[in-house]
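Worksheet: one structure, shown below.
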Amino acid sequence: MSLPVPDIDDVNRLYFEGTASGELRIRHCKRCESLFRFAHAWCPDCWSQDLDYKLASGRGKVETFTVVHQAPYESFEDRIPYVIALVELEEGVRMMSNIVDCEPDRVEIGLPVKVAYEQRGPVMLPMFTPDV
Amino acid sequence: MSNHVTIAGAYEIPPRRYREHSSIDLFRMILGGALAEWQISPADIDGVITTTGGDITGHDTYIHGRLISELGINASIAETMNLGGGSHQAMVNRAAMAIHEGRANAVICVSAGKMMRPGLGAADAMVRAICDYNLEGPYGPWIAALYGLVATRFMHEKNVTAEDLARVAVSARKWALLNPEARQHEAGPLTIEDVLESRMVVTPFHYLDCSLPSDGGGVVLVTRADLGREWAARPAFVKGYGEYHPRGTVSDPGSLIETGAVISGRKAFAEAGLTPADIDVAQLYDAFSSTPLLLLENLGFCEPGKAAGFVNSGAIDPGGSLPVNTYGGLMSFGHTGESSGMSLLVQGAKQALGTAGPTQVENAGNVLIHAYGGIMFYHTTMILGDEP
Ligand SMILES: [Zn+2]
């Protein structure tokens, strides 16, 4: 298995179209103004299906993280140790990502980070680096 | 739910690596062992509830039908269900509700598991099973890493150290040394230094902070109370149950460390009419060393921030004020994949039945069992007692 590549589907298409042009988009409910990840076909707060999106600033902070020393499978072997983090975006939405271009020892809860992108197959994946 | 339903028998095969055995072989070993112990016949049983058995090809989707056929019974209720590690108490609850409503009298709740191994398609199947493949999968998560995210946050907020986590593994080993069925029974005592010196898997977990991948399974017999009194010297009464499935995943909003256990626990205590102070033994799902600490606080056994001190005092060890994971836990007894929660249930039921042998806690009147599936999302809490 090579590194996992997201499947583009009806729920996330607008998200990955955004990352391809360097935009980090977050889902927005036009009825109740909730902001959430592109993981829902409807608003998880009011079930409205009238959704658009907002542009995130791309800045946030590390809410929690783990340094992976044992890869889950072969394709991640040459990345260890790598950092998986939950990043809280300035807009208040949480998302999973990797913290890259940074010694794992430097990562801590509260670390300010900003988005960067990695080409993965046909997809641009949002990653984060320290925001210094 | 109290007064009406009992667990009349609890049986488990020792967790091992049963490499030559399929999951259906394991189901047969479990049921064969139990039926040899329990003096019952096909006409006594009118329900079968089971979990899937870790058969990655999906042949176990309708395992309840196969077991009904092999057992030669006619069932009024039957189901193959899956709440991951939270399945097993949910099985007892589904059986108890049916018995309560008069739809069944005696139900076999059985579970077998084989911990997934690497192999053709296993990595991809694992990512798809445990997380959002599109928004999380590309970042390389696996079960230990997802737990690591929760544990790092817990340690940060509650000032918990790596030594505190290790102390949970040390306690589990103390119990395993008493239990001949535990995989680490012969492994000798564990020290905090042993844990900290074992290789790092994902922070904050060293190898010995992790549960032990195994195969195995068990079964409980859930019955009308009058049948329980007939079939068991001291049946275990189902006194309270709580279940809660909070919305979301680790990537969604909400506290990572105030889990659904807070609410499932509250429901179980309310139904049983008991408080944490009334509990004599607790089995708390320990996929990793951090989770019993978190659960001790979420379930109300310790004030927030006090669980590490509680564990360090020896309170959960043999002879402590609240024996926890009295069989060795998933860390030193073994984690049997789909059947993991069954170990907590069987060993909790045995404490209440008074049949826990060398690990039996004296005066184990009320036993609390808490398990969950997913990355701490499908929560089930059950309280068993030696009297209604
Ligand atoms: Zn809405």
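Worth knowing before you read on, the calculation uses all heavy atoms, side chains too, and leaves out hydrogens, waters and symmetry mates. Chain naming here is simple, since letters A, B, ... match the order of the sequence lines and numbering starts at 1 in each.
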On a heavy-atom basis, the closest approach of A:E63 and B:R153 is O-NH1, 2.8 Å
*Determine whether more than 12 heavy atoms belonging to other residues, nucleotides or ligands lie under 6.0 Å from atom OH of B:Y378.*
no
Heavy atoms of B:S251 and A:L86 approach each other most closely as OG-CD2, 4.0 Å
Okay, A:P44 and chain B: the region with an atom under 4.5 Å from a heavy atom over there is both
A:Y82 and B:G140 have their tightest heavy-atom pair at OH-O, 2.6 Å
Whatever's closer than 4.5 Å to a heavy atom in chain A on B:P138 counts as both
If one checks every heavy atom of A:V11 against chain B at 4.5 Å, the contacting part turns out to be neither
**Request:** Without swapping roles, check the side chain of A:T66 against the backbone of B:T203 for a donor-acceptor pair under 3.5 Å.
**Result:** yes
- Does A:D52 CG have over 12 foreign heavy atoms under 6.0 Å away? yes
Rounded to the nearest 0.5 angstrom, the CD1-CD distance for A:I109 and B:E157 is 7.5 Å
Would you say CD of A:E17 has more than 12 non-hydrogen atoms from neighbouring residues, nucleotides or ligands within 6.0 angstrom?
yes
Given B:V202, B:L146, B:T152, B:L149, the one with more heavy-atom pairs under 4.5 angstrom with chain A than any other is B:L149
Cut-off 4.5 Å, heavy atoms of chain B, and the answer for A:D7 is both
Heaviest contributor of heavy-atom pairs below 4.5 Å to chain A, chosen from B:D252, B:L256, B:D132, is B:D252
Under 4.5 Å to a heavy atom of chain B? For A:F76 that would be side chain
| task | Would you sort out whether A:I99 and B:Y139 count as a side chain to side chain contact (heavy atoms under 4.5 Å, CB included), showing the intermediate values? | result | CA-CA 10 Å; A:I99 308 299; B:Y139 302 109; over 6 Å; no
Max heavy-atom pairs within cutoff under 4.5 Å with chain B, candidates A:V123, A:V93, A:V5, A:I80, goes to A:V5
Whatever's closer than 4.5 Å to a heavy atom in chain B on A:E118 counts as neither
Under 4.5 Å to a heavy atom of chain B? For A:F36 that would be neither
For B:V127 and A:Y73, what are the C-alpha separation, side-chain angles and deciding distance, and is it a side chain to side chain contact (heavy atoms under 4.5 Å, CB included)? CA-CA 10 Å; B:V127 182; A:Y73 36 88; 3.1 Å; yes
One option among A:R79, A:Q70, A:M95 has the most heavy-atom pairs under 4.5 Å with chain B, and it is A:Q70
Cut-off 4.5 Å, heavy atoms of chain B, and the answer for A:R120 is side chain
message = So for atom CD, which belongs to A:Q119, do other residues, nucleotides or ligands contribute more than 12 heavy atoms lying within a distance under 6.0 Å?
response = yes
Whatever's closer than 4.5 Å to a heavy atom in chain A on B:I143 counts as neither
CH2 (B:W142) and CD1 (A:I84) are apart, to the nearest 0.5 Å, by 10.0 Å
Point to revise | Residue pair B:N134, A:F38: steps toward the side chain to side chain contact (heavy atoms under 4.5 Å, CB included) verdict | key: CA-CA 10 Å; B:N134 298 324; A:F38 277 79; over 6 Å; no
Walk me through whether A:M96 and B:V250 qualify under side chain to side chain contact (heavy atoms under 4.5 Å, CB included). CA-CA 8 Å; A:M96 186 178 288; B:V250 292; 4.0 Å; yes
The interface call for A:P126 against chain B, heavy-atom contacts under 4.5 Å, is both
